[in-house]
Amino acid sequence: MPEMRHSVCALDCPDCCSLLVQVEDGHGVKLKGDPTHPITQGFLCRKVTDYLEREYNPARLLYPMKRVGAKGEGRFARVSWDEALDVIAENLQRVAREHGTEAVLPYSYAGTMGFLNGAGMDRRFFHRLGASRLDRTICSSAGMVGMNEALGVRYSTEPEQFRHSKLIIAWGGNIHGTNVHLWPFVQDARRNEAKLYVIDPVKTRTGAVADKWFPIYPGTDLALALGMMHVILGERLEDAEYVAAHTRNVDELRRHVAGYTPQRVAGLTGIAAEDIVSLAREYATTRPAAIRLNYGVQRSERGGRAIRSVAYLPVLTGSWKEVGGGLQLSTSQGFHVNRAALEMPQLQQRSALGREARMLNMSEFGRLLNETNDPKVHAVVVYNSNPAAIAPDQGAVKRGLRREDLFMAVLEQFQTDTADYADVVLPVTTFLEHTDMYLAYGHYYMQMARPALAAPGECKSNVEIFRLLAKRMGFTDPCFDDSDDDLMRALLASEHPFVKGITLEQLERERFVRLHVSPPGTPFQPFANGGFGTADGKCDLAPVNLDYVPPVESRLGDRDLLRQFPLELMCSKNDNSMNSTFGHRDSTDAETAELWMHSTDAMPRKIGSGDAVRVYNSRGSVIMKAQVNGGVMEGVVRAPSVRWPKRSPNGQGINTLVGPRLTDVGGGPTFFSCLVEVEKCGD
Ligand SMILES: Nc1nc2c(c(=O)[nH]1)N[C@H]1C(S)=C(S)[C@@H](COP(=O)(O)OP(=O)(O)OC[C@H]3O[C@@H](n4cnc5c(=O)[nH]c(N)nc54)[C@H](O)[C@@H]3O)O[C@H]1N2
Ligand SMILES: Nc1nc2c(c(=O)[nH]1)N[C@H]1C(S)=C(S)[C@@H](COP(=O)(O)OP(=O)(O)OC[C@H]3O[C@@H](n4cnc5c(=O)[nH]c(N)nc54)[C@H](O)[C@@H]3O)O[C@H]1N2
Ligand code: SF4
Ligand SMILES: [Mo]
């Protein structure tokens with residue numbers, strides 16, 4: 001029998017799979033999905049099935065290094081851990097002394113979803129230092145605000161319940177590509193005659209196999225939801241009893257949506273009026289109906305309010321009463337662990353200006369590096385992220401990273417574009433090599449994992465690195481001696497009923513533990529009897545700020561911009577990679593070099609599949625390879641993302657084209673409100 005060790009996939013994916021590593025002579029030879037995990041169900045996505053390629057890749061960073069070339073050039077020399085940590089500590093202390101502690105900025109996101117390595121010792125370290133705090137908005141903050149505005153709390157339908165649905169709507173979500181462990185439940189439902197509809201400007205893998213694909217103009221979901229509510233409320237298809245008992249202000253909403261007739265909404269969304277009417281009727285009368293709302297919708301200028309309006313739909317129809325009804329955006333809020341005990345915000349130091357350390361928005365990284373003053377950012381520590389590839393307004397980001405008066409340390413597994421700009425690079429472990437505890441944002445099982453494989457070279461975990469740095473900085477607080485187990489126990493010390501009673505021993509023994517969201521064997525139905533997260537438990541339907549306004553960068557937006565840059569760019573997720581994480585792979589590089597086009601847009605530009613094209617707007621240009629493949633609606637181009645910029649012919653990545661504008665609420669980036677023009681290279 002081969003030895004099988006357990007681990008948990010730490011990538012930024014809703015599925016948070018439980019996995020098994022087959023080990024021979026201490027060497028991992030194969031990864032498999034854990035057959036006993038109710039959501040993983042024994043399989044992994046392709047990118048992680050191949051993860052050992054990454055684990056043992058000769059390009060893995062194995063030793064600390066310091067820069068010997070120019071910033072961005074990527075020339076480094078090996079140094080000892082002692083020297084690397086000394087250089088970082090000296091520079092952070094120097095910056096703090098000369099400019100104040102707020103001149104230091106951590107930059108991190110979800111390279112690992114683990115609590116300890118994602119938001120553990122690092123948070124303690126930067127609080128204790130008094131560094132600027134980072135507002136982590138890059139992915140989901142607009143949607144979070146939209147959900148909070150609608151429901152007051154962000155609980156979601158469990159994936160297991162989708163098998164009971166009779167109508168599933170993937171709304172701005174590519175289930176098969178980005179959330180593949182929901183797919184078996186969708187297929188179960190379809191075997192039971194459920195329909196799957198997809199609302200997306202792109203014919204994704206999911207759209208291609210759905211019962212119907214509704215191509216929608218980017219950034220117009222708010223209009224579609226208002227149009228559907230027009231039909232539902234106009235034809236009295238709402239669940240009057242549920243609405244009367246558990247909502248407020250439905251009459252105001254009814255008056256508001258009266259103006260959003262199917263004809264008007266058809267003009268705004270590109271979906272035919274009769275399709276809007278039949279979609280609304282079918283949604284309201286098919287029981288149960290579930291919406292898988294994903295994050296695509298909220299990466300546009302009006303994205304937050306769009307999420308809020310979609311979240312009203314299952315409230316109006318009373319769909320939350322049914323097993324297999326409701327809506328899923330994210331399950332993460334169910335994980336009511338004791339984050340304060342882990343992150344220790346009480347360590348925060350007052351800044352030299354006598355205030356609480358300021359909060360800086362990571363989606364504005366370019367602006368932060370180039371324009372922010374009082375104090376200017378003089379030191380950045382990057383971990384779990386690759387901002388030179390993934391942050392908007394890439395030109396500004398890179399200009400900032402080239403600043404000679406900026407000190408930067410990067411904790412990485414691979415030599416990313418960001419690492420090329422570092423003064424010091426520290427090699428870190430992968431999730432297969434360190435201990436961590438995990439939430440999920442696509443199910444309700446908590447998990448933990450011990451190292452399954454030995455760390456290669458001199459790699460250390462983020463947790464260990466921040467422990468060591470704390471010592472170097474002279475922080476004597478005992479919390480910097482906490483072991484990984486201490487951190488996990490702190491996290492589990494929660495009084496919330498969803499978590500209370502779950503122990504480290506139980507997680508270690510059972511691998512995954514369902515949160516106590518409902519009694520064992522019963523479905524979690526957060527709003528079956530109302531109970532929204534508002535003061536009086538009612539969902540407020542008042543249509544405040546719920547008028548449709550087109551994104552500036554869209555086909556109904558700024559006329560002048562549109563004349564110059566008539567195509568809407570969707571730089572959405574690539575099916576076989578994970579943001580920029582697999583950018584070292586040739587297969588990923590090839591997939592993320594493609595630009596999908598509609599033949600109607602390609603023809604007048606004399607572009608055919610395989611042609612090198614220049615995609616550009618006022619912010620820059622990116623060289624890609626055209627694919628005229630019927631995968632997008634007219635007027636839309638798609639770039640499966642995110643390619644490593646340094647692998648593209650002119651060194652510019654797709655986010656060079658994405659502007660700095662933020663979403664309506666939540667301060668999120670607007671990756672999917674981006675106008676471009678395309679021309680054939682050489683013309
Ligand atoms: N394979 C793979 N899986 C991933 C990731 C990955 O990079 N690759 N990334 C992970 C991360 S970080 C996240 S946040 C999740 C995100 O998971 P998803 O939200 O499913 O992914 P996105 O590609 O951001 O957006 C989904 C879809 O929204 C569509 N879309 C764009 N604009 C609009 C719009 O205005 N209206 C509508 N209706 N649709 C629109 C896009 O075309 C896209 O197909 O996936 C995670 N899983
Ligand atoms: N054009 C475009 N841009 C996007 C998006 C898009 O759809 N299109 N999506 C946006 C979204 S939703 C998100 S969430 C962000 C994601 O942006 P990021 O969170 O920056 O994600 P990745 O690009 O995957 O980079 C994660 C990095 O963390 C490293 N890493 C992994 N584990 C560890 C660890 O334990 N320690 C350390 N120190 N490093 C580790 C990996 O090697 C990798 O380089 O990108 C955003 N940018
Ligand atoms: S990336 Fe997602 S689907 Fe793939 S193994 Fe990890 S958690 Fe599972
Ligand atoms: Mo994300």
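Order of listing sets the numbers, starting from 1, for every ligand and every atom in it.
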What do we get for Asn384 next to ligand 2 when only non-hydrogen atoms under 4.0 Å count, side chain, backbone, both or neither?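 Both of them.
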Taking only heavy atoms of [X], which atoms of ligand 2 are found under 4.0 Å from at least one of them?
{"X": "Ile654", "value": "1 (N)"}
{"X": "Thr429", "value": "35 (O)"}
{"X": "Met578", "value": "24 (O)"}
{"X": "Thr416", "value": "44 (O)"}
{"X": "Ala110", "value": "19 (O)"}
{"X": "Arg299", "value": "12 (S)"}

Any atom of ligand 2 sitting under 4.0 Å from a heavy atom of [X]?
{"X": "Ala389", "result": "no"}
{"X": "Asn655", "result": "yes"}
{"X": "Asn386", "result": "yes"}
{"X": "Met362", "result": "no"}
{"X": "Phe671", "result": "yes"}

**Message:** Any carboxylate oxygen within less than 4.0 angstrom of a Lys/Arg side-chain nitrogen, looking at Lys646 and Asp417?
**Reply:**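 Judged by the 4.0 Å cut-off on N to carboxylate O distance, Lys646 and Asp417 do not form a salt bridge.
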Would you mind listing every salt bridge (charged side-chain N to carboxylate O under 4.0 Å, His left out) that reaches into residues 107-123, with sequence neighbours excluded?
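Every pair satisfying salt bridge (charged side-chain N to carboxylate O under 4.0 Å, His left out) with a residue in residues 107-123: there are none.
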Query raised in the report: Going by heavy atoms, is Ser300 under 4.0 Å from ligand 1?
Result: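 The answer is no: ligand 1 sits nowhere under 4.0 Å from a heavy atom of Ser300.
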- Has Phe214 got any heavy atom lying under 4.0 angstrom from an atom of ligand 1?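 Phe214: no contact with ligand 1 (<4.0 Å).
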Using heavy atoms and a threshold below 4.0 Å, how should the contact between [X] and ligand 1 be classified: side chain, backbone, both, or neither?
{"X": "Asn574", "result": "backbone"}
{"X": "Thr204", "result": "side chain"}
{"X": "Asp221", "result": "side chain"}

query: Considering distance alone, does some N or O of Ser580 sit under 3.5 Å from an N or O of ligand 2?
result: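 Yes, since at least one N or O of Ser580 sits under 3.5 Å from an N or O of ligand 2.
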Original post:
Can you find an N/O atom of Thr581 closer than 3.5 Å to an N/O atom of ligand 2?
Top reply: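 Yes; the residue has a nitrogen or oxygen that sits under 3.5 Å from a nitrogen or oxygen of the ligand.
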Between [X] and [Y], is the gap from one ring center to the other below 6.0 Å?
{"X": "Tyr548", "Y": "Tyr260", "result": "no"}
{"X": "Phe335", "Y": "Tyr441", "result": "no"}
{"X": "Phe162", "Y": "Phe185", "result": "no"}

Item to complete: Ignoring angles and geometry beyond distance, decide whether Pro14 reaches within less than 3.5 Å of ligand 1 through its nitrogen or oxygen atoms.
Response: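 By distance alone, the answer is no.
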Q) Considering distance alone, does some N or O of Ser641 sit under 3.5 Å from an N or O of ligand 1? A)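 So ligand 1 has no N or O lying under 3.5 Å from an N or O of Ser641.
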